[in-house]
Protein chains: 2
Amino acid sequence: MATDCGKSTQLAFRVTEQQLIDEKSFATQAKAMSHPARVRILKILFNLDELGGCLSSDLVAEVGLAQSTVSEHIRILKQAGFICAEPNPPKICYRINRQALEDYKQQYCQLF
Amino acid sequence: MATDCGKSTQLAFRVTEQQLIDEKSFATQAKAMSHPARVRILKILFNLDELGGCLSSDLVAEVGLAQSTVSEHIRILKQAGFICAEPNPPKICYRINRQALEDYKQQYCQLF
DNA sequence: ATAGTTAATCGTCGATTAACGATAAGGTTA
DNA sequence: TAACCTTATCGTTAATCGACGATTAACTAT
C-alpha cells in the first residue's frame, strides 16, 4: 500500500541547519570510504593497529597500485581523519584512527 | 612510538577473495551515500517511513535541485537498494528500505 | 658531501559525476 | 481522443576523480 503517499505535511520535512551540516559531514566521510582501495587500506591498518601500523610502501605493495596513487588515497583518508601519520624519519608510519571509525558509526546511527 | 613500523609480516596482509568482494561492496554502498542530497533524501524517507513514503515531486521541492537531478539521485539510491519505488499510477511512492540501512551498518561493523 | 630511501607533489590523461533544460514515456481523467 | 500529470531519459557542459610516470623534498647513512 501507499495510499497516503503524498499527504505528508510540510512538518515532516522541517530540518534544522545543524541537521544539514551533520548530513553533509556524513556524506563527506562516506565519500572517503567510497573506493575499494581506500577500504582496503583502512582494513589493513585496522588489522595492524596493535602491530604499530605500517609504511606507505607496504600499502603500495598490498593494494597493487602506483605509489603516487596510493599516496593520494592516503591523503584522502588522512584528511577525513580515518588514519594518521607518525613520522619515523625517513619513514612514515600510518595508523588507523579507531575513534574516527567509531564516530562514523555514531553519525550513521544518529541519522538512521 | 612506532618502532615496530614496517616489521609487519606478510601474514598480516593475507586476505581472502571474499574479503575483497565485501570491501568492494561496502565501498559501493558508501558511494551511494557520499552526496549530501542523497543523504538528505534518505533521511526524509526514513522519517516518512510510517507515513508511507513520499513522491518525487516532494523530494524535488525539499532538496532544491532540478527534477532531473533529483531523479538521478533517486536512481542511484534505488540501485544501491536503500530505497524502493511503489508504483501508484500515475505517481510513484518512494520509501526507505530499512533493511538495507541495517545491512550497511552490519557490513561496517564486520569490517571494523 | 654524496648516494640512497621514502613519501609527497606535479602534470597529464581519460573516465566519471553532477547539474541542468528539454523531451519522451506511462498512465489518468475529462 | 485529448489534455494532463508525474517521472525517466537524453544531450550537454563543467567539475571532480582516479590513475600513472616523473620529479621533488626530506631525511639517513655511507
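Quantities reported herein were computed from a predicted structural model and do not represent experimental measurements. Protein chains get the first letters and strands the later ones, always in sequence-line order, with residue 1 at the start of each.
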Inset, instruction - Test B:Y108 against every option in A:Y108, A:F46, A:Y104 by the ring pair (Phe, Tyr, Trp, His ring centres under 6.0 Å) rule and name the one that passes. - result: A:Y104
Inset, instruction - Spell out, as yes or no, whether a donor-acceptor pair under 3.5 Å connects the side chain of B:K105 to the backbone of A:K105. - result: no
May I have the distance from [X] (atom [atom1]) to [N] (atom [atom2]), rounded to whole angstrom?
| X | N | atom1 | atom2 | value |
| --- | --- | --- | --- | --- |
| B:Q67 | C:dG21 | CD | C1' | 10 Å |
| A:H35 | C:dA15 | NE2 | P | 15 Å |
| B:Q79 | C:dT16 | CD | C1' | 14 Å |
| A:R75 | C:dA8 | CZ | C1' | 10 Å |
| B:I76 | C:dT16 | CD1 | P | 14 Å |
| A:I41 | D:dA19 | CD1 | P | 10 Å |
| B:E86 | D:dT6 | CD | P | 18 Å |
| A:K91 | C:dA8 | NZ | P | 14 Å |

The side chain of [X] is closest to which nucleotide in this list: [options]?
| X | options | result |
| --- | --- | --- |
| B:K78 | C:dA18, D:dA8, C:dA7 | D:dA8 |
| B:I92 | C:dA8, C:dC20, D:dT7 | D:dT7 |
| B:Y94 | D:dT7, C:dA18, C:dA8 | D:dT7 |
| B:S68 | C:dC20, C:dA8, D:dT7 | C:dC20 |

Inset, instruction - For C:dT17, take OP1 and OP2 only and decide whether either is under 4.0 Å from a side-chain N or O of B:H73. - result: no
Inset, instruction - Would you tell me if any nitrogen or oxygen in the side chain of B:S71 comes within less than 4.0 Å of OP1 or OP2 on D:dT7? - result: no
Legend entry - Closest contact, heavy atoms only, B:A27 versus A:V39: CB-CG2, 3.9 Å
Counting any heavy atom closer than 4.0 Å, what does [X] reach on the DNA or RNA strands: base, sugar-phosphate only, or nothing?
| X | value |
| --- | --- |
| B:E72 | nothing |
| A:S57 | sugar-phosphate |
| A:S56 | sugar-phosphate |
| A:I74 | nothing |

Inset, instruction - Go through the side-chain N and O atoms of A:E23 and A:Q19 and say whether any donor and acceptor fall under 3.5 Å apart. - result: yes
Inset, instruction - For the residue pair A:E62 and B:V15, establish whether any side-chain heavy-atom pair is separated by less than 4.5 Å. - result: yes
Inset, instruction - Answer yes or no: side-chain N or O of A:T69 and base N or O of D:dG18 forming a donor-acceptor pair under 3.5 Å. - result: no
